[in-house]
Chemist: 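What follows is a structure written as structure tokens; I'll ask about it next.
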Amino acid sequence: MKKIEELDLDSKKVIIRVDYNVPLNDKGEITDDNRIKESLKTINYCLDHNCKLILLSHLGKVKKEEDLKTKSLRVVAKRLSELLNKEVTFIPKTRGSEVENIISNMKEKDIVMLENTRFEDLDGKKESGNDPELAKYWASLGEVFINDAFGTCHRAHASNVGIASNMKEKALGFLVQKELDNLLPIINNPTHPFVVILGGAKISDKIETIKNLSQKADYILVGGAMAYTFLKAKGIETGKSLIDLESLEFAKEMLEKTNKIILPIDHVTNIDMENDNYKVKDNLDKEDIGLDIGPKTIELFKSYLKDSKTIFWNGPMGYYEKSIYQEGTKELCDFISKLDCFKVVGGGDTASCVINMGYKDKFTHVSTGGGASLELLEGKSLPGINL
Ligand code: AMP
């Protein structure tokens, strides 16, 4: 796949697959617009080349009729327009005469955004199933295709792989390029000591990444609920902490195979996730739920991080949605922010934590793609990149 600079873009009608799958609160407001901001470089480059821009993105999963009300991209078009200080025409359709008429009347530097590509999923999963007729239709709307949606590069959908297979002129955008430039060195040639921090809840969707990283890294520091699956696998009491039962066997195998996995030695616990009377304990009792790493663990993890030359971090250290359980994530964030090394955050919840805590600029790279960055670190080639 070419780079965007290798394309002849002047005055062309360009379809950009962006990743505007942004988190929304109960009121439908955007709570983190990082993905929109990260798309501006490619958009501005195309505007400088007098292109007519057609933006496609998904937003969340669309499974039922009600999702049509809560997963519209209208709010995203408005935010993009504010960031660019320029009109962005939102078309509340994914295909049809309204789409075609507006696009055929576009002038140079005009921008249109179609409705959520996954609205097509209500009709037999046409977007997620890479329906050939839909892909061909979307491709017919423009002359050039740019894939700048890193967050969906691990999926072969109609709006990325499908469109690309119908276009001669296509390239990866600046955002995807930046992701590859910062993520590939982590698996290809990390500078040692290389320390991986893993957290969050589930292990099952990270198994291959953990296997691959365990061969490259010097240490894997495990926090979050994920740690309790490993602790249980060691036969340690984990009380009522969240356990990923289907991954217990894998956790046992990993612990037998490698001594690189470093687990918490104390915990912030409670007997009820929602009350505020937490305790700090070295060992959990039967009624306890481990909700954050404790102060001794924070110091232990810092001791592994302090001399590292490469750090990759995926997954919060605790139930960070409740502020009293953010301390572990916050302390590590603050500590890493002061280290002089190659430090990358692998998208998802951790990226939102780092950005919302104000540390984004202190990291070498904060990925916009959770699943995509993990699959890349499995050593896999992603369908959205090898177009
Ligand atoms: P994941 O999607 O697997 O990356 O997990 C992210 C989620 O894990 C976040 O919603 C966190 O609140 C949650 N989480 C992390 N640590 C814990 C914990 N100790 N107990 C419960 N939830 C946790």
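What you see below is based on every heavy atom in this structure, not just the backbone, and it leaves out hydrogens, waters and symmetry mates. Counting starts at 1 for both ligands and their atoms, in listed order. Keep in mind that what you see is a predicted model, and the values were worked out from it rather than measured.
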Chemist: Relative to each other, are the rings of H192 and F194 parallel, tilted or perpendicular (30° and 60° limits)?
Modeler: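 Rings of H192 and F194: perpendicular, as their planes differ by over 60°.
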Chemist: Whether the K216 and N188 side chains hold a donor-acceptor pair (N or O, under 3.5 Å, no angle test) is what I'd like checked.
Modeler: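 Looking only at side-chain atoms, N188 and K216 do not form any donor-acceptor pair under 3.5 Å.
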Chemist: Between E87 and K109, does at least one N-O distance fall below 4.0 Å, as a salt bridge requires?
Modeler: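 Salt bridge absent between E87 and K109.
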Chemist: Hey, could you give me the CG/NZ distance between D340 and K309, rounded to the nearest 0.5 Å?
Modeler: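 One gets 7.5 Å once the value is rounded to the nearest 0.5 Å.
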Chemist: For ligand 1, output the ligand-protein N/O contacts shorter than 3.5 angstrom; if there are none, return none.
Modeler:
from, atom 1, to, atom 2, distance (Å)
ligand 1, 3 (O), A201, N, 3.0
ligand 1, 3 (O), K202, N, 3.0
ligand 1, 3 (O), K206, NZ, 3.2
ligand 1, 4 (O), K206, NZ, 3.2
ligand 1, 5 (O), A201, N, 2.9
ligand 1, 8 (O), A201, N, 3.3
ligand 1, 10 (O), E321, OE2, 2.5
ligand 1, 12 (O), E321, OE1, 2.4
ligand 1, 12 (O), E321, OE2, 3.4
ligand 1, 16 (N), A225, N, 3.0
ligand 1, 16 (N), G318, O, 3.4
ligand 1, 19 (N), G290, O, 2.9

Chemist: Taking the inter-plane angle between the rings of H267 and Y228 on a 0 to 90° scale, is it parallel (under 30°), tilted (30 to 60°) or perpendicular (over 60°)?
Modeler: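 The rings of H267 and Y228 sit tilted, inter-plane angle from 30° to 60°.
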Chemist: Taking 4.0 angstrom as the limit, do D123 and K126 come out as a salt bridge?
Modeler: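 Looking at D123 and K126, the cut-off is met.
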